Amino acid sequence: MAIFAIISQPSPNGEKLAGAIKAAFDDAVYDVGNGVWLVSGRGPAREISDRIGITNGENGSGIILELASYFGRANPAIWTWIQANWETSAVD
């Protein structure tokens with residue numbers, strides 16, 4: 001599976017985005033906070049956008065990025081979630 005970062009943007013239907021992400025990805029989502037989520041899924045970013053209603057604006061606006069690697073300082077639970085949901089670890 002690929003890991004995608006979804007970054008919400010202010011929009012008229014933006015309050016719907018969190019619920020749409022949870023409904024579409026159930027337990028394959030990690031809420032990082034401040035309008036940012038990590039999701040584990042298949043397909044290009046456009047399909048993720050279609051699935052959660054960003055493409056047509058139904059559930060708000062946002063940016064979807066497919067992650068190629070990761071690094072940083074954060075809650076250890078985030079790193080555990082990424083490693084568990086990525087097909088192959090991007091960190092060597």
Side-chain angles (χ1 to χ4, degrees):
M1 298 271 186
I3 301 289
F4 296 88
I6 302 171
I7 305 163
S8 67
Q9 296 291 285
S11 65
N13 292 329
E15 74 283 350
K16 296 180 180 180
L17 188 56
I21 293 168
K22 178 66 177 161
F25 292 97
D26 194 31
D27 62 349
V29 60
Y30 190 97
D31 185 347
V32 178
N34 297 317
V36 177
W37 298 267
L38 300 177
V39 299
S40 177
R42 296 192 189 282
R46 171 66 188 254
E47 287 180 18
I48 303 300
S49 179
D50 292 346
R51 188 171 171 185
I52 61 175
I54 286 178
T55 304
N56 63 9
E58 178 182 350
N59 293 319
S61 297
I63 300 165
I64 300 172
L65 306 167
E66 184 175 355
L67 305 181
S69 68
Y70 59 93
F71 187 83
R73 179 181 289 275
N75 180 329
I78 294 172
W79 307 121
T80 300
W81 186 91
I82 290 171
Q83 288 181 331
N85 286 278
W86 209 326
E87 246 174 17
T88 57
S89 178
V91 176
D92 291 328

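Everything numeric here is computed off the predicted structure, so don't read it as measured data. Numbering starts at 1 and runs along the sequence shown.
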Q: Considering all heavy atoms of both residues, which atom of Ser49 and which atom of Thr55 are nearest to each other, and what is their separation?
A: OG-OG1, 2.6 Å
Q: Show the nearest heavy-atom pair for residues Ala74 and Ile78, with the distance to one decimal.
A: CB-CD1, 3.9 Å
Q: Does atom CG of Asn34 have more than 12 heavy-atom neighbours, drawn from other residues, nucleotides or ligands, at distances under 6.0 Å?
A: no
Q: What distance do Ile3 atom CD1 and Glu66 atom CD have between them, rounded to the nearest 0.5 Å?
A: 9.5 Å
Q: Return the CG to CZ distance between Asn59 and Arg51, rounded to the nearest 0.5 Å.
A: 13.0 Å
Q: Identify the two heavy atoms, one from Gly72 and one from Trp79, that lie closest to each other, and give their separation to 0.1 Å.
A: O-CZ2, 3.3 Å
Q: Could you go through Trp86 and Tyr70, starting from their C-alpha distance and side-chain angles, then the distance that decides it, and tell me whether this counts as ring-ring contact (aromatic ring centres under 6.0 Å, His included)?
A: CA-CA 11 Å; Trp86 209 326; Tyr70 59 93; 5.2 Å; yes
Q: Under the 3.5 angstrom rule, does the side chain of Arg42 hit a backbone N or O of Ala2 as a donor-acceptor pair?
A: no
Q: Report the distance from atom NZ of Lys16 to atom OG of Ser11, rounding to the nearest 0.5 Å.
A: 10.0 Å
Q: As an exercise, state the distance from CD1 of Ile64 to CD of Glu47, rounded to the nearest 0.5 Å.
A: 11.0 Å
Q: Under 4.5 Å between side-chain heavy atoms, hopping through other hydrophobics if needed: is there a path connecting Trp81 to Val36?
A: yes
Q: Should Ile21 and Ile52 count as side-chain neighbours, where that means a heavy-atom distance under 4.5 Å?
A: yes
Q: Less than 4.5 Å apart, side chain to side chain, heavy atoms only: is that true for Phe4 and Ser40?
A: no
Q: Taking the side chain as every heavy atom from C-beta outward, state whether Val32 and Leu38 have any atom pair closer than 4.5 Å.
A: yes
Q: Okay, side chain of Asn85, backbone of Met1: is any donor-acceptor separation there less than 3.5 Å?
A: no
Q: Got Ile48 and Phe25 here, is their nearest side-chain heavy-atom distance under 4.5 Å?
A: yes
Q: So, the side chain of Thr80 versus the backbone of Pro76: is there a donor-acceptor pair under 3.5 Å, distance only?
A: yes
Q: Can you tell if the side chain of Ile7 reaches within under 4.5 Å of the side chain of Leu65, non-hydrogen atoms only?
A: yes
Q: Please tell me if the side chains of Ile63 and Ile6 come closer than 4.5 Å, counting only heavy atoms from C-beta onward.
A: no
Q: Any non-hydrogen side-chain atom of Lys22 less than 4.5 Å from a side-chain atom of Trp37?
A: no
